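Basis for what follows: all heavy atoms, side chains included, without hydrogens, waters or symmetry-related copies. All figures in this text were calculated on a predicted structure; none of them were measured in a lab.
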Amino acid sequence: MCSKRILMITGDFTEDYETMVPFQALMAVGHQVDAVCPDKKAGDSVATAIHDFEGDQTYTEKPGHRFALNATFADIDPADYDALVVPGGRAPEYLRLNKAVLTMVQHFFEADKPVAAICHGAQLLAAANVLDGRHCSAYPACQPEVELAGGRFANLDVTDAVTDGNLVTAPAWPAHPAWLAQFMAVLDR
């Protein structure tokens, strides 16, 4: 395996597991992961939320941990990175309003670099207008956004993931084993 430099774009109330698990897992296998948030710098942190599936009509939300950022958003150049990770949670709903974030996401698709998005991360992909014709999974409530952006919604079991070219997506954190395995396979191409 060749070590890759991976950018993670996150923000306040990102989903705890969908941020911390890929951040740590990708570093554990030798990749460099730089986690950034607009208007924050290395050493700052973002609040996280734990989304759980307890039989209600939608997920429940509980306070998560603080997640420390290890890079400064204003200092990064997406051209310096081999891949992108977009966690879910509530962060994508406001990150998609940031034009610099959208430009960064578009860079990874234009350069045909690997991208992994999970759960509500598809909101950011839809807003960046990079889903046209692509299979994309997400939390089921994001299906309309995926389809309005021209994507083909992959309605998967919560433990599954889907790869379409260099894009790897999954519905939520229970899919981590499949999502991370597929993303690592794409990284090794």
Side-chain angles (χ1 to χ4, degrees), residues 1-52 62-92 95 98 100-101 104-105 107-109 111-122 124-125 137-139 158-163 165-189:
M1 174 192 78
C2 181
S3 178
K4 302 289 184 181
R5 190 164 183 211
I6 301 170
L7 179 64
M8 175 184 279
I9 301 176
T10 191
D12 284 319
F13 298 100
T14 184
E15 207 290 325
D16 191 285
Y17 300 148
E18 293 169 3
T19 306
M20 292 194 188
V21 171
F23 181 79
Q24 293 172 338
L26 291 165
M27 287 193 311
V29 298
H31 299 298
Q32 175 186 332
V33 183
D34 289 349
V36 299
C37 175
D39 302 320
K40 295 196 181 202
K41 61 186 184 316
D44 289 346
S45 65
V46 295
T48 73
I50 296 170
H51 292 167
D52 213 346
K62 299 163 183 71
H65 302 87
R66 298 295 300 182
F67 177 74
L69 303 167
N70 64 348
T72 300
F73 183 85
D75 294 345
I76 62 148
D77 179 351
D80 295 337
Y81 293 90
D82 301 305
L84 173 67
V85 173
V86 181
R90 291 201 333 262
L95 289 173
N98 185 305
V101 170
M104 287 180 186
V105 170
H107 162 81
F108 287 91
F109 284 84
D112 200 28
K113 296 179 181 180
V115 175
I118 191 164
C119 201
H120 287 77
L124 193 49
L125 304 183
S137 183
Y139 186 71
V158 74
T159 60
D160 289 336
V162 63
T163 299
N166 281 346
L167 175 63
V168 182
T169 56
W173 61 261
H176 276 151
W179 181 62
L180 286 168
Q182 289 180 37
F183 185 53
M184 287 185 212
V186 169
L187 286 174
D188 283 342
R189 289 185 191 160

Under the salt bridge (charged side-chain N to carboxylate O under 4.0 Å, His left out) test, which residues partner R66, sequence neighbours left out? none

If the condition is side chain to side chain contact (heavy atoms under 4.5 Å, CB included), which residues does A172 pass it with, not counting sequence neighbours? E18, F53, C119, V158, P174

Quick check: do V36 and L69 have side-chain heavy atoms less than 4.5 Å from each other? no

side-chain contact (heavy atoms from CB on, under 4.5 Å) assessment of V105 paired with L124: CA-CA 8 Å; V105 170; L124 193 49; 4.1 Å; yes

With sequence neighbours excluded, what pairs up with F109 under the ring pair (Phe, Tyr, Trp, His ring centres under 6.0 Å) test? none

Side-chain donor-acceptor contacts of residues 6-13 below 3.5 Å, not counting sequence neighbours, with atom names and distances?
unit_1, atom_1, unit_2, atom_2, d
T10, OG1, T14, OG1, 3.1
D12, OD1, K40, NZ, 3.4
D12, OD1, A47, N, 3.0
D12, OD2, K40, NZ, 3.4

Just wondering, do L167 and L125 contact through their side chains at under 4.5 Å, heavy atoms? yes

Are F73 and M104 side-chain neighbours, meaning at least one heavy-atom pair lies under 4.5 Å? yes

Is the count of non-hydrogen atoms from other residues, nucleotides or ligands lying under 6.0 Å from Y17 atom OH greater than 12? no

Taking side-chain hydrogen bond (donor to acceptor under 3.5 Å, both in side chains) as the definition, give me every residue that meets it alongside H107, ordered by chain and number, with sequence neighbours left out. K113

Are W173 and V21 close enough that some pair of their side-chain heavy atoms sits under 4.5 Å apart? no

Okay, side chain of T72, backbone of K41: is any donor-acceptor separation there less than 3.5 Å? no

Step through it carefully: locate the ring centre of H176, locate the ring centre of W179, and say whether they are under 6.0 Å apart. yes

Is there a side-chain contact (heavy atoms from CB on, under 4.5 Å) between R189 and N166 once you walk through the steps? CA-CA 9 Å; R189 289 185 191 160; N166 281 346; 3.3 Å; yes

Minimum side-chain heavy-atom gap V86-L95 below 4.5 Å: no

Quick one: which residue pairs count as a salt bridge (Lys or Arg N to Asp or Glu O under 4.0 Å) with a foot in residues 79-88, not counting sequence neighbours? none

S137 side chain to A161 main-chain N or O, any donor-acceptor pair under 3.5 Å? no

Sorted by chain and number, sequence neighbours left out, salt bridge (charged side-chain N to carboxylate O under 4.0 Å, His left out) with D160 holds for none

Looking at A138 and A122, what are the two nearest heavy atoms and their distance? CB-CB, 3.5 Å

Going through the checks in order, is the side-chain contact (heavy atoms from CB on, under 4.5 Å) test met by V46 and T19? CA-CA 10 Å; V46 295; T19 306; 5.7 Å; no

Distance in Å, H31 NE2 paired with R5 CZ, rounded so as to fall on 0.5 Å steps: 14.0 Å

Who passes salt bridge (charged side-chain N to carboxylate O under 4.0 Å, His left out) against D52, sequence neighbours left out? none

Using modelled atom types only, decide if a donor and an acceptor are shared between the side chain of Q182 and the backbone of T163 within a distance under 3.5 Å. yes

For H120, which residues count as a ring pair (Phe, Tyr, Trp, His ring centres under 6.0 Å) partner, sequence neighbours excluded? Y59, Y139

Of all residues at least two apart in sequence or in a different chain, which pass the salt bridge (charged side-chain N to carboxylate O under 4.0 Å, His left out) check with D16? none

Which pairs, with at least one residue in residues 169-179 and sequence neighbours excluded, count as a salt bridge (Lys or Arg N to Asp or Glu O under 4.0 Å)? none

Taking the side chain as C-beta and beyond, is there a heavy-atom pair between P38 and V101 under 4.5 Å? yes

Find the distance between CZ (F23) and CG (D34) and round it off to the nearest 0.5 Å. 8.0 Å

How close do R90 and H51 get, heavy atom to heavy atom, and via which atoms? N-CE1, 4.4 Å

Please name the pair of heavy atoms, one in L180 and one in A25, separated by the smallest distance, quoted to 0.1 Å. CD1-CB, 4.1 Å

Output all residues satisfying side chain to side chain contact (heavy atoms under 4.5 Å, CB included) with P63, sequence neighbours left out; order by chain, then residue number. none

